[in-house]
> 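The following block contains the structure, expressed as structure tokens.
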Amino acid sequence: MAASRSSALRTVIWKELIDIGRDRRALALMILIPLVGLPLMAFIASGLSSAQVVTVYFAVLDNKSYPIVSWLSSQLRQDAMQQGLNLNITVSSAPPSGVYDVEVIVPYGFYENLSKLDGVAVMIVRSMVGNYASQEVTSLISSIVSQLSGQIVVERVEELARLANVSIVPSQLLNPIQLSSGYYLPSGATATQQQVQLSFSVRLLEFSLFFVVNPAIVLVTDSFLGEKERKTLEVLLSSPISKDSLVLGKLASAAAMGFIIALADSGGVIIYFLMLAGYGLKLTPTLLMLNLVDAAVLVFMTSAIVTPIILRSPSVRAAQASSYAVMMLALGIYFSALFVNVQSLPASLKVLLLAIPFTEASTALTSFVLGQATLTATYIAIMLGFSAVFTIAAFKSLDVEKLITSR
Amino acid sequence: MDSRVQPNPEVPLNKTAKAPAVIARGLIKRLGRTAALRGVDLDVVEGEVHALAGHNGAGKTTLFRLILGLLRRDGGDLKVLGVDPQDPTWPSVLRYIGYVPEDAQPYERLTGYEYLRFFAKVYTSDPEEADKMMSWAVQIAGLSDADLRRKAGEYSNGMKKRLMIARALMHRPRLVLLDEPTNGLDVFAAHEVRELIKGLSRIGTTFLIATHNMAEAQYLADRVTFLAYGKVIATGTVKELLEVYGASDLEEAFVRAVRSSGGQS
């Protein structure tokens, strides 16, 4: 009794899973990369940032301004700590003589000008060019000075009102227009605080999808080219296994392993969110489940996209270069998800982006947090459609002669 | 030159007592700009050990790949077990063929048992039949139970070759193609493989063996076909070839055959 097509398919999957499963080092790396990739980025972003020391020098040339500078520096230290910045502040009556990340000069007459009803006090702030942390500190100083300035304006208005003998509320006089802002969903309903938090958090989930694309490409490339490199391909192709069973078996086993990698990716996402718990990031179990489904479909789709490309490549090097190009395309899409909202792009650009299959994996998640579950289902269905089309293309691309004779 | 040792398309093979396993007439195959086969005729009858002897690059592997349907021919006719390898029904014929490519390797992360089990399942979905294939393969491989439980990547070259020959024979194929079966093996392993082929040929398995080792061809083959520069230059039994070319061994006969055929022209 010759092996049936389904039996042959099961046999190929069985062999592939044993083969991949026993390649411990490669498997460990493939699981480890998505698991630690995102947390590592969080560690690098927050850990290294807080490890660096930003030197700030206050040159108080106006003796009377010491109390103000003292308040300013203590406020700055407090705000910087909240931002994870580590400051080394020096307050001196001498002008700066060394190199500092930020220099604040309080010139003579600063206090006097500040005390006048219409005086303008000048404070000089200089920050080191090309130093991101010093720019952040400058921005904090600017914000504290702005608060102080506002407080002085209120005092001046109160003094003017007293002199004019009129009764006013200074804060109302100074802010005649009040801005009441809020968020709403594409449906028009007001967004809850959780939905607002999720809408920002989801961008990181979208970026994390890249970590499952890479192993999927590696797995499927090795599945076909590895047989050739390890000199096992010719025996397989001269056996009675149908070409379709062979391609589908390899795709299915790459996808099965990819699913494990997707699980690792979800683990990585959880760790990442725990590490950055204080930054207002939010993750719900439903969103996490959706991320897992999305990642699993993405793995299968990526494997299906790469297969016909590999099978049509004239050489192993060309196949590897093509796989790399697909990976870079995916990286581009997921990296842009951090900054770009696909829905707000012009129609022509949106269509172009949605024609790149990886975009759907990203927009499926965004739609979900925006309360558009139907749209999410549509995007996942489109991904499955892409997977089917590329799988058929893979069946048609298997040219045994080309595969045997390619170098 | 004796006409008995010349390929003669005008003498149909079915006039021989045994059935044809391979009939090739005027096979042409180009690989890129190179003419790998330039009008090859070949007759292999069932039950014989037929050696395809030639130098490196003579076209032996290309001819094997045409016979297996792995490559498409550019000209000529070919029937293997009565079917054209370019026929849509061809994949079902592969069930009756066993093949060991020259530099093939087993799956290094599968144990010997798993490797054989994988191919048994490829050939049949009947578990009992698969078990029988396994038993037969284990017998052919001659590897111990402990060895078969080890990953094939840990095997010596000789053990790997035995495992692959066992895999190629496990489904009791009608035709077995071995490409340079002893290439890269040490003297003991090569001897073991030759004895294995010799033993199996006695029970009626048809072998087509590609080799550049003339001593091996002389030792193993019932009939030998000399292939040089993509052309068949002589075919016959070892005795016939030695007589025709007045040679003391097959190597000498081959060299004389190539010279008398005009070499690469």
> Are there over 12 heavy-atom neighbours, none belonging to F395(A), within less than 6.0 Å of that residue's CZ?
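Yes - once you tally the heavy atoms of other residues, nucleotides and ligands closer than 6.0 Å, there are more than 12.
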> Look up atom OH in Y115(B) and atom OG1 in T232(A), then write down how far apart they are to the nearest 0.5 Å.
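One finds 8.0 Å between OH of Y115(B) and OG1 of T232(A).
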> What part of L177(B) is in contact with chain A, defined as an atom under 4.5 angstrom from a non-hydrogen atom: side chain, backbone, both or neither?
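No part of it gets close to chain A.
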> Can you confirm whether K228(A) is buried at NZ, in the sense that more than 12 heavy atoms of other residues, nucleotides or ligands lie under 6.0 Å from that atom?
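Enclosed.
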> What distance separates L94(B) CG from S242(A) OG, expressed to the nearest 0.5 Å?
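Here the interatomic distance stands at 11.5 Å.
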> If you compare all heavy atoms of Q105(B) against all heavy atoms of R230(A), which two are closest, and at what distance to 0.1 Å?
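Answer, listing the atom of Q105(B) first, then R230(A): CB-O, 3.4 Å.
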> Go through the atoms of D399(A) and report whether side chain, backbone, both or neither lie under 4.5 Å from a heavy atom of chain B.
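D399(A) touches chain B through side-chain heavy atoms alone.
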> Calculate, to the nearest 0.5 Å, the distance between atoms OG and CG belonging to S238(A) and L70(B) respectively.
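Reported value, rounded in 0.5 Å steps: 5.5 Å.
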> Considering non-hydrogen atoms only, spot the tightest contact between V235(A) and Y99(B) and give its length.
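Reported closest heavy-atom pair: CG2-O, 4.4 Å.
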> Looking only at heavy atoms and a cut-off of under 4.5 Å, which of K243(A), E234(A), E227(A) has the most pairs with chain B?
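The option with the most such pairs is E234(A).
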> On a heavy-atom basis, which atom in S125(B) and which in S7(A) lie closest, and how many Å separate them?
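Shortest heavy-atom contact: CB-OG, 3.4 Å.
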> Closest heavy-atom contact between W14(A) and E114(B)?
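Looks like CH2-O, 3.7 Å.
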> If you round to the nearest 0.5 Å, how far is CD1 of I18(A) from OG1 of T111(B)?
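It comes to 7.5 Å.
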> Heavy-atom cut-off 4.5 Å, strictly under: side chain, backbone, both or neither for T405(A) against chain B?
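Only the side chain of T405(A) comes within 4.5 Å of chain B.
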> Any chance you could measure R10(A), atom CZ, to K121(B), atom NZ, to the nearest 0.5 Å?
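Answer for the CZ-NZ pair, R10(A) versus K121(B), is 8.5 Å.
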> Grab the two heavy atoms, one from D103(B) and one from K231(A), that are nearest each other, plus how far apart they are.
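Looks like O-CD, 3.2 Å.
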> With only heavy atoms counted, which part of L68(B) is less than 4.5 Å from chain A, the side chain, the backbone, both or neither?
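Contact with chain A involves the side chain of L68(B) alone.
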> Do the side chain of R109(B) and the main chain of R22(A) share a donor and acceptor less than 3.5 angstrom apart?
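Checked: no pair found.
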> From R65(B) CZ over to L237(A) CG, what is the distance, rounded to the nearest 0.5 angstrom?
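Those atoms lie 10.0 Å apart.
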